[in-house]
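First up is the structure itself, then whatever we jot down about it.
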Amino acid sequence: MSTLLQGFTAQLRALAVRRVNWLMLALCVGAAALSVATYRQGAMREMPAAVYDQDGTGLSRTLVRSLDATPELRVVTDPPATLDDAQAALVRGDLTAVVLIPDGFTADVKRGRRAELVVALDMSNILVGKTAQRATQRVLATLGAGVQLSVVEKLGVPRSSALARVVAITATEALPGNPGASYAAYASPAFGLSFAHILVLFLAWTVLWPPAPHRPRLETVGRLAACFVTGLIAALALTYGVLPLAGLSPASGFGVVTAALAALVAADLLFSTAVCAVFRGGLIGFQATVLLGMLSLMLSGLTWPWDTIPPPLRAVSSAIPFTPFGRALRLFLPAPVGLAELAGPFAWMGLQCLGFLAAIALAAGAERLLALALARRGEVRS
Amino acid sequence: MKAWLAGWLRSLHQGLTEEWTILFGGHARMERSGVLTVLLVIPLLYPTVVAYLYHAEDAQERPALLLDLDGSALSRRLTLDLEAAPELRFVGRTASLDQGQAALRRGEAELLVIIPDDLSRKVKRGERAQVAFWSPGGNVYTWSLAFTAASNVVATENAALAAGRFMRMGMPPAVARSRAAPIATGERRLFHPSAGYGRYLAVGVLLVVLQQLVLISLAFSAGVRRERGVPVGAPPHPLAHVSGMSLAHLPFWLGGAAFIGLVILPWMGWAGPSVLATSALLFLFVAVMGPMAVIMASLVPDRMSAFQILMFLSVPLFVASGFTWPAAQLPRAVELLTYAFPVTPALRAMRILSMKSGDLRAVLPELAWMVGLGLGHAALATFLVLRLVRRHGRRHARLATAVPGISP
């Protein structure tokens with residue numbers, strides 16, 4: 001027991017005395033804060049759009065005002081002089097959308113002919129392009145409904161039921177996990193907590209490398225326990241200290257959140273230890289851990305959907321603790337859930353831990369057999 | 001001057017040969033420095049994995065569940081239209097809302113489409129009916145794909161219903177259809193008409209991979225030197241010595257840029273209008289990152305620290321660069337902070353070259369910004385290396401005074 005405790009305190013001391021560890025911790029928090037703060041606004045607002053109104057009627061002016069009134073778009077007051085200049089502005093990224101209302105637009109509407117207008121969207125950034133696309137589609141649909149409404153009323157349909165005649169079915173959306181369809185809720189937790197995951201992998205390797213073959217096993221466990229405590233505190237600090245920068249805080253209780261983070265930290269420590277054991281304590285094991293650690297966010301299914309990830313990469317990702325943690329994160333952050341609801345991700349992490357322990361045991365067994373074989377060869381030679 | 005130049009070249013050569021030994025020396029497993037692994041794995045494995053990961057370009061056929069409580073001809077038509085949208089795929093039907101929600105929680109689908117029992121009745125009565133789309137996950141990307149497709153289907157159905165109504169009021173079919181959809185939008189999706197996620201994201205990720213290659217390899221090598229007691233920036237010409245170190249890495253850096261610019265990007269169809277322009281940007285980026293790599297190399301005490309410090313830089317610099325989330329939408333402080341890193345203008349230039357224009361003149365401001373940062377970082381790197389050597393010299397002098405027999 002005293003060896004365990006000695007290992008624990010020795011590791012805490014070792015972590016505290018090295019300046020680079022403090023720098024790593026600061027960078028972890030700083031990187032998480034920067035990534036989270038990037039999405040603070042949640043949704044895109046006031047993206048510049050140029051409208052060329054060649055019609056100049058009341059209807060076309062209503063359209064311009066409606067576009068300007070959307071939270072997503074801002075109609076620039078001094079649009080580029082020509083369409084070529086507008087094209088150049090789209091290339092430079094100075095404009096997000098260009099809307100051209102042709103001459104005769106209103107006349108077509110009034111005569112019952114389909115009126116056409118042109119909307120050019122900068123799709124090079126799909127977040128920007130799709131947001132602008134949705135905003136313009138919404139405005140044009142509303143305007144179209146308004147035109148239909150006046151036609152229907154002229155045909156004698158009472159005003160009270162006219163709207164239902166024009167837009168018979170409405171599509172209502174419910175996104176309880178992210179009510180505002182905010183990018184902050186989508187991206188920030190994933191980015192923020194991926195840094196906790198990477199930090200824990202590095203913390204584990206402060207114990208595992210350079211190799212100390214004569215260190216008692218219990219001392220190593222004690223040292224890893226110190227990393228567990230440090231990693232858990234850092235993960236909690238990121239969850240409760242950094243995520244609020246984007247207006248996010250876990251809806252689930254502190255106990256549930258701590259349990260999920262503790263599972264991640266424990267699984268990460270075992271993961272590093274298993275990789276170290278498989279690569280026989282060599283540097284390549286550290287490099288492999290870093291490689292997998294950096295890929296873990298992309299492969300986790302948090303940003304790029306899980307079913308779209310190619311199966312071989314999915315298999316690799318299944319063995320990384322951040323993947324099941326990502327599932328848990330999507331559950332415990334937006335809604336108040338209990339431990340029972342997190343049973344799936346916990347079971348997955350539990351299986352991973354069993355796998356890591358088996359790998360460690362197998363690698364230790366193989367190492368012992370190798371040592372025996374080498375010793376026997378030495379005896380034969382002598 | 002001649003003697004100075006000869007000395008400078010000797011230092012450069014010394015740095016180069018030392019580095020060569022670090023890269024290729026050591027036969028036993030524990031003797032190898034690991035720098036070669038960094039120089040090969042980062043530029044070869046990472047881009048390959050990234051390209052493989054995003055080769056599907058877009059997430060189509062989002063799994064959806066259907067709860068049709070109406071069971072009318074209208075609801076069946078709506079269901080068929082929803083199923084025909086490439087963005088949606090019905091994986092099953094559910095008997096109740098609770099069952100559907102439970103299936104969503106189990107991850108069997110991303111979306112639950114609820115058609116109420118009075119849909120057809122309400123439409124016939126001239127009342128407004130609602131179709132609900134419910135998704136518990138917070139993934140904005142998949143949600144925007146699925147809900148946009150669903151909204152378009154509902155809008156088309158509305159137009160069909162309205163046209164039918166106008167025809168019943170006596171309008172000719174062509175006029176009725178025009179009245180039902182009075183405004184047509186000629187939508188031009190510029191630069192990236194498919195709006196694929198892979199091309200949008202992966203090009204930037206690959207550029208960041210290149211940044212990490214340059215930064216980590218030199219810092220990692222400096223860590224090896226410090227662990228082994230080999231100097232980084234040895235006198236009398238410390239800058240020449242560090243340049244020699246970098247020179248040994250340069251073929252790998254340029255090879256990485258060539259692999260990404262001339263192989264991966266064209267192969268995946270992500271290179272944009274001009275492969276040469278995109279590759280030229282990558283090569284310039286490598287050159288501009290050199291001084292920053294020297295700065296990092298002058299700071300790290302050992303191999304592990306190189307990773308400990310540098311692995312935290314890539315993601316925040318990428319997300320805050322304006323490449324994915326537009327610069328104008330960033331908090332001002334975040335935007336200002338990213339101005340100091342060459343990856344910011346490089347990513348913005350990459351967006352233009354890979355999507356919009358193959359002409360390098362279109363990204364002249366970004367190129368000037370990169371070169372300016374490169375020069376600034378070169379000045380800082382010079383200062384840091386010289387300071388390091390001076391400090392090293394002072395420490396040796398102190399040691400020599402304290403312990404006789406040690407010469408500075």
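Residue numbers begin at 1 in each chain, while the letters A, B, ... track the order of the sequences.
Under the 3.5 Å distance criterion, the side-chain polar atoms of D58(B) are left unmatched by any main-chain donor or acceptor of Q60(B). With hydrogens and angles disregarded, a donor-acceptor distance shorter than 3.5 Å links the side chain of R330(A) to the backbone of Y186(A). With K356(B) contributing its side chain and L90(A) its backbone, the two residues share a donor-acceptor pair below 3.5 Å. The closest donor-acceptor contact from the side chain of T96(A) to the backbone of M47(A) lies at 3.5 Å or more, if one exists at all. Counting only distance, with no hydrogens or angles, the side chain of T148(B) and the backbone of L145(B) share no donor-acceptor pair below 3.5 Å. T136(A) places a side-chain N or O within 3.5 Å of a backbone atom of A132(A) that can act as its donor or acceptor partner. Proximity of a side-chain donor or acceptor of S188(A) to a complementary backbone N or O of A185(A) within less than 3.5 Å is not detected.
Neither the backbone nor the side chain of R138(A) has a heavy atom closer than 4.5 Å to any heavy atom of chain B. Proximity to chain A (any heavy atom under 4.5 Å) is shown, for F318(B), by neither the backbone nor the side chain. Only the side chain of V50(B) has a heavy atom closer than 4.5 Å to any heavy atom of chain A. With a 4.5 angstrom heavy-atom cutoff, S305(B) touches chain A via backbone and side-chain atoms both. With a 4.5 angstrom heavy-atom cutoff, F195(A) touches chain B via backbone and side-chain atoms both. Within the 4.5 angstrom heavy-atom criterion, only side-chain atoms of I352(B), from C-beta onward, approach chain A. Contact annotation for L143(A): both backbone and side-chain heavy atoms come within less than 4.5 Å of a heavy atom of chain B. In this structure, no portion of R19(A) lies under 4.5 Å from any heavy atom of chain B. Using a 4.5 Å cut-off between heavy atoms, Q329(B) contacts chain A through both its backbone and its side chain. There is no contact between L112(B) and chain A, counting heavy-atom distances below 4.5 Å. The parts of A195(B) that come within reach of chain A are both its backbone and its side chain, each placing non-hydrogen atoms under 4.5 angstrom from that chain. At a 4.5 Å heavy-atom cutoff, the contact between E366(B) and chain A is made by side-chain atoms alone. With a 4.5 angstrom heavy-atom cutoff, T131(A) does not touch chain B via any of its atoms. For Q137(A), the part lying near chain B is the side chain, with the backbone staying farther off; criterion is any non-hydrogen pair under 4.5 Å. Only the side chain of R165(B) comes within less than 4.5 Å of a heavy atom of chain A; its backbone N, CA, C and O stay farther away. The part of F191(B) that comes within reach of chain A is its side chain, from C-beta onward, which places non-hydrogen atoms under 4.5 angstrom from that chain. Contact of L331(A) with chain B is not made at all, since no heavy-atom distance falls under 4.5 Å. Residue T303(A) touches chain B through both its backbone and its side chain, counting heavy-atom pairs closer than 4.5 Å. Within the 4.5 angstrom heavy-atom criterion, only side-chain atoms of V154(B), from C-beta onward, approach chain A. For W205(A), the parts sitting under 4.5 Å from any heavy atom of chain B are the backbone and the side chain alike. For chain A, the nearby part of L45(B) is the side chain; its heavy atoms alone come within less than 4.5 Å. With a 4.5 angstrom heavy-atom cutoff, V290(A) touches chain B via backbone and side-chain atoms both. For a residue to count as touching a neighbouring chain, one of its non-hydrogen atoms must lie under 4.5 Å from one of that chain's; by this rule L23(A) touches chain B with the side chain only. Of the atoms belonging to D307(A), it is side-chain heavy atoms, and not backbone ones, that fall under 4.5 Å from chain B. Contacts of R45(A) with chain B are made by both backbone and side-chain atoms, with heavy-atom separations under 4.5 Å. Contacts between I216(B) and chain A at a heavy-atom distance below 4.5 Å are absent for every atom of the residue. Only the side chain of F147(B) comes within less than 4.5 Å of a heavy atom in chain A; its backbone stays farther off. Interface residue Q287(A): only side-chain heavy atoms are found under 4.5 Å from chain B.
Of all the listed residues (T338(B), V131(B), L337(B), V49(B)), the one sharing the greatest number of non-hydrogen pairs under 4.5 Å with chain A is V131(B). Highest contact tally toward chain B, considering only N21(A), I126(A), V128(A), is held by I126(A) [criterion: heavy-atom pairs under 4.5 Å]. For the set M44(A), R327(A), K130(A), R134(A), the entry with the most heavy-atom pairs within less than 4.5 Å of chain B is M44(A). In terms of non-hydrogen atom pairs under 4.5 Å with chain A, the most contact-rich of R125(B), Q308(B), H192(B) is Q308(B). Interface remark: of the candidates A120(A), S124(A), A145(A), S124(A) forms the most heavy-atom pairs closer than 4.5 Å to chain B. Interface check for chain A: of the options V41(B), V300(B), L53(B), the most heavy-atom pairs under 4.5 Å are formed by L53(B). With chain A as the partner, the residue from M311(B), E157(B), E127(B) showing the most heavy-atom pairs under 4.5 Å is M311(B). With respect to chain A, the highest number of heavy-atom pairs below 4.5 Å among G198(B), A174(B), P326(B), A150(B) belongs to P326(B). Interface summary for chain A: among H55(B), R177(B), R351(B), the most heavy-atom pairs under 4.5 angstrom belong to R351(B).
Remark: R348(B) fails to qualify as a cation-pi partner of F323(B) under the 6.0 Å distance and 45° angle criteria applied to the six-membered ring.
Using the six-membered ring where Trp is involved, Y54(B) and Y197(B) have ring planes that are tilted, between 30° and 60° apart.
Listed here is the closest heavy atom pair of W304(A) and M298(A): CB-O, 4.3 Å. Closest approach of A59(B) to Y141(B), counting heavy atoms only: N-OH, 3.1 Å. Listed here is the closest heavy atom pair of R314(A) and W306(A): CG-CZ2, 3.2 Å. The minimum heavy-atom distance between R189(B) and M123(A), with the atom names listed, is CB-CG, 3.8 Å. The nearest pair of heavy atoms linking P189(A) to A184(A) is CD-O, 3.3 Å.
Within 6.0 Å of atom CZ in R113(A), more than 12 heavy atoms from other residues, nucleotides or ligands are found, so the atom counts as buried in its surroundings.
Within the model, atoms CZ of F286(A) and CH2 of W209(A) stand 7.0 Å from one another, a figure rounded to the nearest 0.5 Å. In this structure, SG in C28(A) is found 13.5 Å from CD1 in I309(B), a value given to the nearest 0.5 Å.
Comment: E227(B) engages R303(B) in a salt bridge, judged by a side-chain N to carboxylate O separation of less than 4.0 angstrom. Between E110(B) and R62(B), at least one side-chain N (NZ, or NE/NH1/NH2) sits under 4.0 Å from a carboxylate O, which counts as a salt bridge.
For the pair D122(A) and V91(A), the minimum side-chain heavy-atom distance is 4.5 Å or more. Side-chain contact between R89(B) and V91(B): present, with at least one pair of heavy atoms (C-beta onward) separated by less than 4.5 Å.
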